[in-house]
Amino acid sequence: MSGGGRAIAVLNVAEKPSVAKSVATILSRNQGLRVREGRSRYNKIFEFDYNIRGQPCRMLVTSVTGHMMELEFEERYRKWHSCDPADLYRAPVRKFVPQDKLDIKRTLEEEARRCQWLVLWLDCDREGENIAFEVIDICTAVNHRLTIKRARFSALIEREIHASVQNLVNPNKRFAEAVDARQEIDLRIGASFTRFQTMLLRDAFVIDSATDDRNLVLSYGPCQFPTLGFIVERFWEIQAHEPEEFWTINCSHRSEEGLATFNWTRGHLFDYTCAVILYEMCVEEPSATVTKVRQQEKHKYPPHPLNTIELEKRASRYFRMSSEHTMKVAEELYQAGFISYPRTETDNFSSGTNLHAIVQEQLEHPVWGPYAQRLLEPGSGLWRNPSNGGHDDKAHPPIHPTKFSAGENNWSQDHHKLYELVVRHFLACVSQPAVGAETTVEIDIAGEQFAASGRVIIAKNYLDVYRFESWGGSVIPTYLPGQQFVPTTLTLDSGVTRPPPLLSEADLLNCMDKAGIGTDATMHDHIKKLLDRFYATKDHNTRFSPTNLGEALVMGYDDMGYKLWKPNLRSMMEFDMRAVSEGSKSKAEVLETCLQQMKACFLDAKLNKEKLFEAMAVFFERSNRPVRDDQHATVEVVRLCQLCKQSNMVLKQSRDGNFMVSCLGYPLCRNVVWLPGSLSEAAVTTNVCQSCTPPPVHMIQFKFRRLEIPPNYNVDHLGCIGGCDDILRQLIEICGTGSRMPARGQGSTPLPSAAQRSTTRTQVCTNCRQIGHSVGDCPSQVSGTSNSRTRRTTPQNGETSIPCSTCGALCALRTANTATNRGRKFYSCQSPECNFFVWEDNLDSATGGRRNSSGTSGRGRGSHGGTRGRGSHAGSHGSTFVSVTGDAITGRCYACGDPSHFANACPNRNA
DNA sequence: GCAAGGTC
C-alpha cells in the first residue's frame with residue numbers, strides 16, 4: 001500500500017449475485033474475504049480491503065438482480081377505462097421500485113450512507129448502463145456526496161477485473177437514456193394497442209380460446225407481434241403455394257462395384273415439351289461418357305462455441321425442447337454450478353480461458369471421458385483451438401460446463417440432455433473437423449450433363465463426440481475419364497413443387513435473431529407469449545401455426561396497410577436507440593418523433609377498425625353477448641364527477657351513436673349528462689373551461705349534423721358540460737338527447753335510463769317540421785343525408801340503403817374518411833347489434849355471403865402475398881415413361897402410350 | 001388485465 005491515507009469505504013454493485021461473488025473473489029484474491037447477508041436473501045455483501053491507485057479502500061461488493069425499477073403510467077391512467085388509449089402516448093409515466101425489489105433497495109441505501117465511493121459493476125451493455133443509473137438514483141438519494149465510478153470489463157477473469165478497478169471511468173448517460181427511450185416507447189405502444197384491440201374485439205366475437213373470453217387479453221407488443229408475423233407470413237406462403245409440375249431426367253448405373261445415381265445438372269424443367277425432347281435425345285443415344293472425375297478432401301467443421309440462441313435452437317432440434325423450457329433447465333444447471341451463465345450472446349472464448357482445464361474436468365465421465373482423454377493427448381492431434389463465431393457481449397463467456405457431473409439424482413431427463421449437450425458441444429468446439437474424401441463423377445449423354453458423387457469419411461474427429469450431427473457417406477463405383485457405359489435406367493420423372501414447411505422453433509429463433517427481435521434472454525419469452533395469448537400453436541414437431549385469432553389480427557392490420565406485424569418497427573427503434581447511445585440524437589428527440597408517428601398510426605388504426613372487424617369476421621361468429629356500455633366506445637376524461645367526487649366523468653359514444661358524459665364509477669355512481677342527439681362527433685380537448693369549477697373541466701369539440709340543428713347554429717362548437725354553455729343547453733332543448741335510441745325498434749336496445757328520460761323533451765323535427773319525433777327518427781329521412789329520400793329495401797344502382805345480408809336491418813351508404821380509403825363509399829348496418837360492412841364497389845361479390853363481403857376485395861385466407869412456389873421446394877418424383885435395361889431399350893410415347901413412337905413424333909400431339 | 005428488459 002502506498003500513501004497510507006485513511007481507508008475509504010467503496011460500495012461496489014454488480015448486476016447479479018454471481019458477478020458480485022466473482023468480482024469479490026478475484027479482487028480479494030480470496031484472502032480476507034468476509035461475507036454477510038443483505039436484506040435480500042439472494043444478494044450477499046462481500047467485504048475485503050483493497051487498494052485503488054494508492055488509495056486504501058474498504059470494499060463492499062453487493063448486487064442487484066437486473067433492473068431495480070419499472071416504468072408505469074401514473075395512477076389515474078392505470079385503469080383500462082380511465083382514458084382513451086390514444087392518451088397513453090402523452091400520459092405521464094413514472095419509474096418506481098416494485099415490491100419485490102424493495103429489500104435490495106434498502107440494502108443499497110443502508111450501505112450507500114456509509115460509503116464515500118460507488119463503483120458500478122453492471123454488465124457492459126445498454127441495459128447494464130441503465131441499471132447503473134437506477135442504482136445511482138437510489139444511492140445518491142440517501143448520500144449526495146458519493147463519488148460515482150464505473151468499472152468496465154469484458155470478461156470475469158483476473159486480468160480484466162484488476163485492470164478495470166484501476167481504470168475506473170464515468171458511467172455513460174447516453175447508453176442509459178437509449179434504454180429509457182426504449183422502455184417508454186414499448187410501454188406506450190404496447191399498452192395503447194393492447195387496450196384498444198382487446199376492448200374492441202373481445203366482446204364482439206365468440207373467440208373459442210381455452211380461456212374465459214372475458215379474461216382474454218389481445219395484447220400487442222413490438223416484439224411479440226413481429227414474432228407472430230413470421231409465423232403468419234410463412235403460413236400464408238404455404239397457403240398461397242400453387243403446386244407446379246416439373247420434369248427431370250434421372251440416370252443410374254449399376255456395376256460390379258455397386259450403384260451410382262446421377263443427377264441431371266439442369267435440375268428440373270417446368271417446360272414439359274422441352275424436357276421430353278431432351279429426354280428423347282438421351283434415350284435415342286443413351287451411351288454415357290465420363291467427362292470428369294474429381295476427388296477432393298472435404299471438411300465438416302465443428303460448431304462455434306455455444307451461445308444462448310444456439311443452445312435453444314439445438315435443444316429444440318435435437319430434443320424438441322421448447323426454448324422456454326430449455327432456458328428454465330439451463331438456469332437450474334447454472335444455479336447449481338454445472339454450466340456457465342446461460343444468457344450470453346458470446347460465441348467466442350476469450351484468449352485467457354483455460355480450455356484444457358474444462359476438458360480435464362470431464363475425463364472421468366463413463367461415456368465421453370475417453371474422448372476427453374484423447375483430446376488432451378498431444379499425440380492424438382485431435383485438439384483444435386475453437387473457432388470464433390463473431391459475437392461478443394463483453395460480459396459472459398460462451399456456455400460451457402463448469403463442474404463435472406455424471407448425472408445428479410435430482411436431475412430430470414431434460415437436465416441430463418441439456419448438460420450432455422453443453423459438454424459435448426464444448427468438447428466438439430475444441431476438436432478437429434471431420435475429414436472426408438469426396439468423389440464427383442460427371443457424365444455426358446447426348447449432350448446432357450449428369451453428375452454423381454460419393455463420400456468416404458476418413459476421420460470423424462469431433463463427430464465422435466458430437467452425436468447430434470452426422471455426415472452422410474455413400475460409396476460410388478470407380479470411374480475413369482473417357483470411360484463409356486450404358487445407363488441401367490434412364491427415366492423422365494415428374495414431380496411437383498411443394499410449399500416450404502411451417503416454421504420450426506429453431507427457424508423462428510433464427511428469424512427473430514436476424515431481425516433483431518428481442519434479446520437472447522427474452523426471445524423465448526416472446527415465443528411463449530404467442531402460445532399463452534392463443535395467437536399460435538406448436539405441433540409435436542415443434543412447428544408453429546397461427547391460430548384463427550393470431551391470423552385475424554395480423555390480417556386486420558395488414559388490410560389497413562400497416563406493417564405493425566413486421567420487424568421493421570423494431571429495427572427502426574433499434575436504429576434510433578443506437579443513435580441515442582452514440583449521441584447523434586437526443587432521447588427527447590427520439591421519443592418525440594417515434595411517439596408522434598406511433599400515435600398517428602394508432603389513431604389511423606382506430607379509424608380503420610372496420611378492417612379488424614372484417615378480418616375477425618372471417619374466422620369468428622359475432623357475439624350475442626350484450627355489449628357492455630363501455631365497449632366500442634371512445635372514452636375520454638372530461639372532469640371529476642361532482643356527484644361521487646371519486647371517479648372521472650368521461651365522454652362516451654354508445655353503439656347507436658349517442659354521446660354522453662358519464663361517471664366511471666357506474667354502477668355505484670349513476671351520474672350522466674346526455675348530449676344532443678344531433679351530434680355527429682364529439683371529442684374532449686385539452687382546453688379547460690375558465691368559468692366552471694372545480695377545475696379542470698375539459699371543453700368538448702362538438703360537431704352537429706347540419707340538417708338536425710336550426711340554421712342559425714354553427715355545426716362546429718367548442719362547448720362545456722359544466723353548466724356555463726348556453727348554446728349547448730339550447731341545442732339540447734331543441735334536439736333532445738338520445739331520443740333516437742328507443743325509436744330504432746331493436747328489441748335488445750336497453751330502455752332509456754332515468755337520467756335520459758328526464759332530459760328528453762317534446763321535439764320538433766327539423767326535417768319535416770312535425771312534432772313527436774326528432775329529425776333522427778323522421779319517417780321521411782334515411783340516415784340524415786337528405787330530406788327527400790324514402791326508404792327502400794331493394795338495392796338499386798346509386799341507392800342509399802340496402803337490406804343487411806346478416807341481420808335484415810337497413811345498411812346506410814356512407815363515405816370513408818380514413819387515410820387509406822378516403823372518399824370510398826361503403827354500406828354499414830344501422831343495427832346497433834350488427835357490424836355488417838361492405839364497400840360499395842364490392843357489392844356484387846358481396847351478395848353471395850358474408851365471408852366474401854368484406855372490404856378486402858374478396859381476399860380471404862390463403863391469397864396473401866407469398867412467392868410462387870416455382871423451384872422452391874421440389875416434391876416427390878412420379879412416373880417413369882421409358883426404361884433402359886442393359887442394352888435393350890423399351891419405350892413408348894409419353895402422350896398417347898404407343899410404343900411405336902416417342903412423343904415428339906406423336907400423330908396425336910396437337911389433338 | 002397492457003410492453004420489453006433485466007434477473008432469482
Side-chain angles (χ1 to χ4, degrees), chain A residues 14-20 38 40-44 63-73 77-83 85 88-89 91 93 95 97-98 100-101 103-104 122-123 125-135 175-176 178-200 202 211-227 327-328 330-332 334-336 341-344 393 395-396 512 516-529 532-533 564 569-570 573-574 577 595 598 602:
Chain A
E15 189 157 321
K16 45 190 158 282
S18 64
V19 173
S40 150
R41 67 190 178 99
Y42 299 110
N43 307 83
K44 316 268 184 222
S63 55
V64 290
T65 46
H67 278 287
M68 283 297 293
M69 294 176 176
E70 282 176 19
L71 194 67
E72 238 327 340
F73 293 109
Y77 294 90
R78 297 273 267 277
K79 290 219 170 82
W80 277 38
H81 297 294
S82 62
C83 63
L88 298 178
Y89 288 89
V93 289
K95 275 192 174 186
V97 180
D100 62 336
K101 296 287 170 72
D103 46 7
I104 300 178
L122 286 306
D123 291 358
D125 52 22
R126 288 206 297 253
E127 294 294 333
E129 212 65 24
N130 189 271
I131 300 170
F133 278 88
E134 293 176 351
V135 171
F175 271 43
V179 172
D180 281 339
R182 198 263 310 147
Q183 288 175 340
E184 195 173 325
I185 292 167
D186 284 346
L187 176 66
R188 293 184 189 278
I189 297 176
S192 59
F193 273 94
T194 300
R195 290 183 191 182
F196 162 68
Q197 63 186 27
T198 303
M199 293 193 282
L200 183 71
R202 181 178 57 191
T211 188
D212 176 12
D213 278 6
R214 287 183 180 273
N215 293 327
L216 193 68
V217 172
L218 307 186
S219 64
Y220 175 88
C223 284
Q224 51 179 274
F225 244 58
T227 307
M327 290 314 288
K328 183 171 174 288
E331 178 70 29
E332 285 163 8
Y334 160 68
Q335 290 296 333
Y341 191 68
R343 289 183 285 272
T344 175
D393 63 16
H396 308 287
M512 297 171 75
I517 302 297
T519 68
D520 50 309
T522 61
M523 280 158 72
H524 66 271
D525 284 333
H526 302 311
I527 295 175
K528 182 167 183 290
K529 184 146 278 176
D532 291 346
R533 298 280 190 227
L564 287 170
L569 175 65
R570 198 67 186 170
M573 275 172 62
E574 185 58 32
M577 297 308 101
L595 289 175
M598 283 311 296
F602 177 83

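Lettering of chains follows the sequences in order, A, B, ..., and the numbering in each one begins at 1. Atoms considered below: every heavy atom in the structure, side chains included; atoms not considered: hydrogens, waters and symmetry mates.
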Requested in this report: Quick one: label A/N130 by what it contacts on the DNA or RNA (base, sugar-phosphate, nothing), any heavy atom closer than 4.0 Å.
Outcome: nothing
Report task. Write down the distance between CD (A/E574) and P (B/dA4), rounded to a whole number of angstrom. Result -> 14 Å
Query raised in the report: Are OP1 or OP2 of B/dG5 and a side-chain N or O of A/R182 less than 4.0 angstrom apart?
Result: no
Query raised in the report: Can you tell me if the side-chain N/O atoms of A/Q183 get under 4.0 Å from OP1 or OP2 in B/dA3?
Result: no
**Report entry** Check: B/dC2 base within 3.5 Å donor-acceptor of A/E72 side chain
**Finding:** yes
Query raised in the report: If you check every side-chain atom of A/R533, which of B/dG5, B/dA4, B/dC2 has the closest atom?
Result: B/dC2
Requested in this report: Give a yes or no on whether the backbone of A/A91 and the side-chain of A/R188 come within a donor-acceptor separation of less than 3.5 Å.
Outcome: yes
Query - Sugar-phosphate, base or nothing in reach of A/F193, heavy atoms under 4.0 Å - result: nothing
Report task. By nearest nucleotide on DNA chain B, pick out whichever of A/F73 and A/T519 is the more 5' one. Result -> A/F73
Requested in this report: Could you check whether the rings of A/F225 and A/Y220 sit parallel, tilted or perpendicular, using 30° and 60° as the cut-offs?
Outcome: tilted
Report task. Check every strand shown and say whether A/K328 touches a base, only sugar-phosphate, or nothing at a heavy-atom separation below 4.0 Å. Result -> nothing
**Report entry** A/F73: ring pair (Phe, Tyr, Trp, His ring centres under 6.0 Å) partners, not counting sequence neighbours
**Finding:** none
Report task. When you get a sec, tell me which of B/dA3, B/dG1, B/dG6 is the closest nucleotide to the side chain of A/E15? Result -> B/dG6
Requested in this report: Counting heavy atoms from C-beta on, name the nucleotide in B/dT7, B/dC2, B/dA4 closest to the side chain of A/P17.
Outcome: B/dT7
Query raised in the report: Which listed nucleotide (B/dG1, B/dA4, B/dG6) is nearest to the side chain of A/E127?
Result: B/dG6
Query raised in the report: Separation of A/E331 atom CD from B/dG6 atom P, in whole Å?
Result: 14 Å
Query raised in the report: Relative to the 5' end of DNA chain B, which residue comes earlier, A/R195 or A/M523, by the nucleotide with the nearest heavy atom?
Result: A/R195
Query raised in the report: Nearest to the side chain of A/H526 - B/dG1, B/dG5, B/dC2?
Result: B/dG5
Query raised in the report: Between A/E129 and A/F175, is there a donor-acceptor pair closer than 3.5 Å when you use the side chain of the first and the backbone of the second?
Result: no
Query raised in the report: Looking for any heavy atom pair under 4.0 Å, which part of the strands does A/G518 touch: base, sugar-phosphate only, or nothing?
Result: sugar-phosphate
Query raised in the report: Does A/D180 come within less than 4.0 Å of A/K95, counting only side-chain N to carboxylate O?
Result: yes
Query raised in the report: When all nucleic acid strands are considered with a 4.0 Å heavy-atom cut-off, which category describes A/L71: base, sugar-phosphate, or nothing?
Result: base
Query raised in the report: In whole angstrom, what separates A/D532's CG from B/dC2's P?
Result: 11 Å
Query raised in the report: Is there a side-chain polar atom (N or O) of A/T198 under 4.0 Å from OP1 or OP2 of B/dG1?
Result: no
Report task. Using atom types as modelled and distance alone, determine if a side-chain donor or acceptor of A/S192 lies under 3.5 Å from a backbone N or O of A/I189. Result -> yes
Query - Selected nucleotide, minimal atom distance to A/V217 side chain, candidates B/dG6, B/dT7, B/dC2 - result: B/dC2
Query - Residues in side-chain hydrogen bond (donor to acceptor under 3.5 Å, both in side chains) contact with A/D186, at least two apart in sequence or another chain - result: A/R182, A/R570
Query raised in the report: Where are the stems of DNA chain B, defined as at least 3 consecutive Watson-Crick or wobble G-U pairs with both distances under 3.5 Å?
Result: none
Query raised in the report: Counting side-chain heavy atoms from CB outward, which of B/dC2, B/dG6, B/dA4 is closest to A/R570?
Result: B/dA4
Query - Interatomic distance, A/E134 CD vs B/dT7 C1' [rounded to whole Å] - result: 12 Å
Query raised in the report: Looking only at side-chain N and O atoms, does A/T522 come under 4.0 Å of OP1 or OP2 in B/dA4?
Result: no
Requested in this report: Quick one: label A/R188 by what it contacts on the DNA or RNA (base, sugar-phosphate, nothing), any heavy atom closer than 4.0 Å.
Outcome: nothing
Query - Nucleotide B/dT7, atom C1' - distance to CZ of A/R41 in whole Å - result: 14 Å
Report task. Report the distance from atom CG of A/D125 to atom P of B/dG5, rounded to the nearest whole Å. Result -> 12 Å
Query raised in the report: Hey, does the side chain of A/S219 reach the backbone of A/T194 with a donor-acceptor pair shorter than 3.5 angstrom?
Result: no
Query raised in the report: Expressed in angstrom and rounded to an integer, what is the separation of A/K16 atom NZ from B/dG5 atom P?
Result: 16 Å
Query raised in the report: Within the structure shown, what part of the strands sits under 4.0 Å from A/Y77 by heavy-atom distance: base, sugar-phosphate, or nothing?
Result: nothing
Query raised in the report: Does the ring of A/W80 meet both stacking tests against the six-membered base ring of B/dG1: centre distance under 5.5 Å and plane angle under 30°?
Result: yes
Report task. For the pair A/T522 (side chain) and A/G518 (backbone), establish whether a donor and an acceptor sit closer than 3.5 Å, ignoring hydrogens and angles. Result -> no
Query raised in the report: Distance check: side-chain N/O of A/Y334 vs OP1/OP2 of B/dT7, anything under 4.0 Å?
Result: no
Requested in this report: Look at the aromatic rings of A/F196 and A/F602 and report parallel, tilted or perpendicular, splitting at 30° and 60°.
Outcome: perpendicular
Query raised in the report: Within less than 4.0 Å of OP1 or OP2 of B/dG1, is there a side-chain N or O belonging to A/S219?
Result: no
Query raised in the report: Given atom NZ of A/K95 and atom P of B/dA3, what is their separation to the nearest angstrom?
Result: 19 Å
Query raised in the report: Distance check: side-chain N/O of A/K79 vs OP1/OP2 of B/dC2, anything under 4.0 Å?
Result: no
Query raised in the report: Any idea which of B/dC2, B/dA4, B/dG6 is nearest the A/K101 side chain?
Result: B/dG6
